[in-house]
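Just the heavy atoms: all of them, side chains too, but no hydrogens, waters or symmetry mates, feed the values below. Here is the naming used below: chain letters follow the sequence lines, and residue numbers restart at 1 for every chain.
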Protein chains: 2
Amino acid sequence: MKYSSPSAGRRPGRPLSFDREAALNAAMLLFWRHGYEATSLSELTAAMRVTPPSLYAAFGDKKQLFLEAVRRYLSGPVTAQQLIDDADTAKAAAWSLLAGSAIAFTGETTPPGCLLATGAISCSAAARDVQVELARMRGAIQDRLRDRIAGAIDMGELPCDAEPDALAGHVMAVIQGLSTLARDGASRDTLLGIARMAMAAWPPELIRNGG
Amino acid sequence: MKYSSPSAGRRPGRPLSFDREAALNAAMLLFWRHGYEATSLSELTAAMRVTPPSLYAAFGDKKQLFLEAVRRYLSGPVTAQQLIDDADTAKAAAWSLLAGSAIAFTGETTPPGCLLATGAISCSAAARDVQVELARMRGAIQDRLRDRIAGAIDMGELPCDAEPDALAGHVMAVIQGLSTLARDGASRDTLLGIARMAMAAWPPELIRNGG
DNA sequence: ACATTTTCATATTGATCACTATGAAATCTG
DNA sequence: CAGATTTCATAGTGATCAATATGAAAATGT
């Protein structure tokens with residue numbers, strides 16, 4: 001441990017000359033645009049306004065910096081888990097994810113597409129663990145959505161013959177595709193149209209008698 | 001031009017010591033697995049059984065080799081254009097593309113996923129032209145599918161309120177997602193289930209009176 | 001055999017990669 | 001101020017990147 005944790009018994013010493021959060025944010029934006037392997041350390045240090053030794057002291061190495069950037073990306077402003085849990089119905093949760101993705105992937109102040117979707121798709125054998133970790137994160141979101149759908153079927157909110165795995169997988173597949181289309185230059189309206197079309201694959205919600 | 005074209009007036013000289021098609025195939029498989037930038041020339045020359053000077057003489061440079069590998073990938077055994085044109089209906093064309101993708105992305109003798117979908121998604125600024133070229137190829141397939149759908153509407157095969165852009169975009173988005181899911185380890189059956197689910201977004205085909 | 005042409009194998013190019021060794025600068029404690 | 005501690009800036013580490021310079025090897029034509 002080269003750096004002391006900020007809250008723990010801070011020994012004296014030269015103070016940090018950069019804002020860790022701002023630096024991490026700059027790294028996130030670079031990774032978002034170019035992905036893990038295609039983003040070089042020289043680009044990172046330039047954008048983060050941090051020298052290489054400081055970067056390594058503060059974040060470990062490139063791999064840890066990337067994963068921390070992804071965690072930051074996934075934790076704000078709204079998380080997928082929030083969208084799934086807060087929706088009134090499973091179908092509404094799917095729509096939240098799709099529409100939220102369409103909007104987030106076409107922000108005016110952020111790179112097009114999705115860091116989680118396209119940050120480490122094609123990479124060398126040396127980056128395989130990063131690839132696997134991102135796949136795990138995607139799988140976690142998909143599992144949450146699938147569980148929400150399965151619960152909706154149990155509650156009589158969706159038909160008994162609805163398929164939670166295929167429904168959740170389809171939503172995640174479309175989100176992946178939206179990221180690529182956004183990167184290719186598709187507009188927000190185009191993506192929202194596709195998201196709306198994807199929802200047409202869902203079975204109708206069953207009307208539950210109040211009470 | 002360091003290499004003479006094989007058919008043109010072949011001057012005498014030392015013959016090629018490698019099968020150009022086999023070498024290109026080996027390069028395609030490597031690019032398929034790791035993408036454009038993450039595949040190094042040393043990996044390529046090793047897999048292709050070709051020395052660097054021979055590779056450059058035969059294929060130009062890494063960028064041209066990659067694009068030639070992608071063209072080879074797209075030209076066999078069945079092309080997207082064939083699938084679209086040979087289908088009985090626009091809806092059948094969409095199903096052919098989706099099911100064909102699910103099967104092609106989970107071949108036992110090929111890398112998982114799709115070279116066109118994931119070969120150059122995230123890359124450095126230096127590879128932007130490759131990224132754009134692949135986006136153009138994806139767009140060409142999407143345009144063909146859209147035109148087929150628009151024609152189907154004109155023929156009364158699909159309802160007048162069907163949306164060719166959103167339908168075609170949705171199919172392409174799902175295909176992109178299938179590629180990522182395949183890379184993440186999803187089975188062929190899982191992908192086919194998602195493909196089937198995606199087709200549920202389509203409007204019913206109108207029954208045409210025999211004529 | 002000899003000249004010509006083409007490709008091959010070896011070794012290497014400058015550039016860039018992720019990463020770090022070294023020592024000065026900046027803070028706190030006493 | 002002096003000593004301890006931590007971070008900073010400079011400069012460079014060996015490794016690997018895509019791409020080539022050089023000259024020998026292998027074919028044909030005369």
Side-chain angles (χ1 to χ4, degrees), chain A residues 1-20 22-23 27 30-31 34-69 120 123-130, chain B residues 1-20 22-23 27 30-31 34-69 120 123-130:
Chain A
M1 61 175 87
K2 290 184 175 181
Y3 271 46
S4 56
S5 52
S7 58
R10 278 281 278 120
R11 301 258 170 239
R14 182 169 174 173
L16 273 174
S17 68
F18 61 94
D19 181 345
R20 196 181 188 280
L30 258 187
F31 281 131
H34 295 296
Y36 170 60
E37 288 201 283
T39 304
S40 71
L41 269 175
S42 59
E43 290 172 310
L44 285 166
T45 54
M48 298 167 73
R49 316 294 299 265
V50 171
T51 60
S54 297
L55 189 154
Y56 279 84
F59 297 102
D61 60 3
K62 187 187 179 186
K63 199 170 287 185
Q64 295 176 51
L65 172 61
F66 175 73
L67 291 176
E68 190 167 348
C123 50
S124 70
R128 171 142 191 86
D129 51 349
V130 174
Chain B
M1 61 176 86
K2 290 184 175 183
Y3 271 43
S4 57
S5 52
S7 58
R10 280 281 276 116
R11 298 264 171 232
R14 182 169 173 171
L16 272 173
S17 66
F18 63 93
D19 181 346
R20 196 181 187 280
L30 259 186
F31 282 132
H34 296 296
Y36 170 59
E37 289 201 285
T39 304
S40 71
L41 269 178
S42 59
E43 290 173 309
L44 285 167
T45 54
M48 299 166 74
R49 316 294 298 267
V50 171
T51 60
S54 296
L55 189 154
Y56 279 84
F59 297 101
D61 60 3
K62 188 187 179 185
K63 198 171 287 187
Q64 295 177 52
L65 172 61
F66 175 73
L67 291 176
E68 190 167 346
C123 51
S124 70
R128 173 143 190 86
D129 51 349
V130 174

*Asks:* Hey, which sits more toward the 5' end of DNA chain C by its nearest nucleotide, Pro52(A) or Pro52(B)?
*Replies:* Pro52(B)
*Asks:* Please give, in whole Å, the distance from dC19(C) P to Phe66(A) CZ?
*Replies:* 14 Å
*Asks:* Between P on dA18(C) and CD on Gln64(A), what's the gap in Å once rounded to a whole number?
*Replies:*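 So the two atoms are 15 Å apart, to the nearest Å.
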*Asks:* In whole Å, what is the span from the NE2 atom of His34(B) to the P atom of dA18(D)?
*Replies:* 13 Å
*Asks:* Could you tell me how far apart Leu16(B) (CG) and dT6(C) (P) are, to the nearest whole angstrom?
*Replies:*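 Nearest whole value for this atom pair: 12 Å.
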*Asks:* By nearest atom, which of the nucleotides dA9(C), dA19(D), dC8(D) is closest to the Thr51(B) side chain?
*Replies:* dA9(C)
*Asks:* Ring pair (Phe, Tyr, Trp, His ring centres under 6.0 Å): which pairs involve residues 35-58 of chain B, sequence neighbours left out?
*Replies:* Tyr36(B)-Phe66(B)
*Asks:* Separation of Met48(B) atom CE from dA19(D) atom P, in whole Å?
*Replies:*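 To the nearest whole Å, that distance equals 13 Å.
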*Asks:* State, yes or no, whether a side-chain contact exists between Asp61(B) and Gln64(B) at a heavy-atom distance under 4.5 Å.
*Replies:*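 In contact.
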*Asks:* Between Leu55(A) and Val50(A), which heavy-atom pair has the shortest distance, and what is it?
*Replies:* N-CG1, 3.5 Å
*Asks:* Of the options dA25(C), dA19(D), dC19(C), whose atoms approach the side-chain atoms of Arg14(A) most closely?
*Replies:*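 Side chain of Arg14(A) sits closest to dA25(C).
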*Asks:* State whether the side chain of Glu37(B) and the backbone N or O of Ser124(B) hold a donor-acceptor pair below 3.5 Å, judged by distance alone.
*Replies:* yes
*Asks:* So which heavy atom on Thr39(B) is nearest to which on Leu30(B), and how close?
*Replies:*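 Closest approach of Thr39(B) to Leu30(B), heavy atoms only: OG1-O, 3.6 Å.
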*Asks:* Kindly state which residues belonging to residues 38-46 of chain B come within less than 4.0 angstrom of DNA chain D, counting heavy atoms of the residue only, listed by number.
*Replies:*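 Of all residues in residues 38-46 of chain B, the ones placing a heavy atom under 4.0 Å from DNA chain D are Thr39(B), Ser40(B), Leu41(B), Ser42(B).
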*Asks:* Got Glu43(B) and Phe31(B) here, is their nearest side-chain heavy-atom distance under 4.5 Å?
*Replies:*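 Contact flag for Glu43(B)/Phe31(B) side chains = no.
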*Asks:* Between dT10(C), dC19(C), dA19(D), which nucleotide has the shortest distance from any of its atoms to the side chain of Asp61(A)?
*Replies:* dC19(C)
*Asks:* Nearest to the side chain of Pro53(B) - dA18(C), dT20(D), dT7(C)?
*Replies:* dT20(D)
*Asks:* So, does Ser17(A) get its side chain near the phosphate of dC8(D), meaning an N or O under 4.0 Å from OP1 or OP2?
*Replies:*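 Affirmative; the distance criterion is met.
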*Asks:* Rounding to an integer number of Å, can you tell me how far Leu65(B) CG sits from dA19(D) P?
*Replies:* 10 Å
*Asks:* Is the distance from OP1 or OP2 of dT7(C) to the nearest side-chain N or O of Ser54(B) less than 4.0 Å?
*Replies:* no
*Asks:* Determine the minimum heavy-atom distance between Met48(A) and Ala27(A), stating which atoms define it.
*Replies:* SD-CB, 3.7 Å
*Asks:* Is the phosphate of dA19(D) approached by Tyr56(B) (side-chain N or O, under 4.0 Å from OP1 or OP2)?
*Replies:*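 True: Tyr56(B) side-chain N/O within range (under 4.0 Å) of dA19(D) OP1/OP2.
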*Asks:* Rounded to the nearest angstrom, tell me the gap between atom CZ in Phe18(B) and atom P in dT7(C).
*Replies:* 9 Å
*Asks:* Roughly how many Å is it from NZ in Lys63(B) to C1' in dC17(D), rounded to a whole number?
*Replies:*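 Atom NZ in Lys63(B) sits about 15 Å away from atom C1' in dC17(D).
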